[in-house]
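First up is the structure itself, then whatever we jot down about it.
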Amino acid sequence: MASNGVLRGTEIIAALKTARVCHVVSVPDITTSHGLLWPLSRDPDIKLIRLPKEDDGVSICAALAHTEKRAVLLMQMTGFFDSLNAIRAVACEYKQPVCMMIGLLGKKPEEKPSESKAYGVRIVEPICDVMGLDHVCLNDGDDVAGVPAAIDRAYETSRPLAVLFGKVIEP
């Protein structure tokens with residue numbers, strides 16, 4: 001994987017498969033749709049569950065974990081903000097391995113979220129820290145290689161995980 005500030009949907013999908021993710025739960029959004037969500041919808045190995053609201057996905061991912069199926073909740077940061085109560089209750093307090101991939105609208109590849117000019121991008125990591133959510137940030141293709149281990153850890157420890165990323169391109 002190249003470290004050129006580019007995230008490719010194909011690399012992220014491959015990482016999800018390596019982590020044995022079989023379901024992606026999502027509401028379409030501008031950050032993930034073109035490069036990640038639409039390719040996922042065409043992938044025969046991963047079932048896409050479409051949602052009306054992101055907080056519904058928190059419970060769905062937790063329920064799938066109880067059936068020994070791995071799932072990822074794919075959403076934009078605004079959906080993350082809207083879902084904080086469900087994340088707090090289901091993922092944090094009940095210690096469920098809810099794995100979230102959160103698109104950061106306005107994050108530039110060369111910057112850390114904390115350095116972004118976009119207020120919404122800057123506050124995601126501090127919110128994760130306050131809530132005790134394990135989190136990793138994908139800045140380029142090299143970072144994607146760590147996603148399977150992070151998802152494995154979430155399921156082994158029954159803890160929520162937030163994978164943060166900016167724009168994803170296809171392929």
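A heavy-atom distance below 4.5 Å is found between the side chains of Leu104 and Val124.
Under the salt bridge (Lys or Arg N to Asp or Glu O under 4.0 Å) criterion, Asp129 pairs with no residue, sequence neighbours left out. Arg88 is linked by a salt bridge (Lys or Arg N to Asp or Glu O under 4.0 Å) to Glu93, counting only residues two or more places apart in sequence or in another chain. Applying the side chain to side chain contact (heavy atoms under 4.5 Å, CB included) test to Ile123 and every residue at least two apart in sequence or in another chain returns Phe81, Tyr119, Ile127. In this view, Ala118 and Ser116, Val121 satisfy the side chain to side chain contact (heavy atoms under 4.5 Å, CB included) rule, not counting sequence neighbours.
Considering all non-hydrogen atoms of both residues, Gly9 and Leu36 come closest at O-CD1, 3.9 Å. The shortest non-hydrogen separation linking Val21 to Ile46 is O-CG1, 3.9 Å.
Among pairs with a residue in residues 146-159, those fulfilling side-chain hydrogen bond (donor to acceptor under 3.5 Å, both in side chains) read Arg70-Asp152, Asp134-Arg159, at least two apart in sequence or across chains. Screening residues 13-22 for side-chain hydrogen bond (donor to acceptor under 3.5 Å, both in side chains), with sequence neighbours left out, gives Lys17-Asp43, Lys17-Asp45. Sorted by first and then second residue, the salt bridge (charged side-chain N to carboxylate O under 4.0 Å, His left out) pairs involving residues 101-112 (not counting sequence neighbours) form an empty list. Residue pairs meeting the side-chain hydrogen bond (donor to acceptor under 3.5 Å, both in side chains) criterion with at least one member in residues 52-67, sequence neighbours excluded, are His66-Gln96.
Separation of atoms CG (Leu40) and CG (Leu74) is listed at 7.0 Å; rounding is to 0.5 Å.
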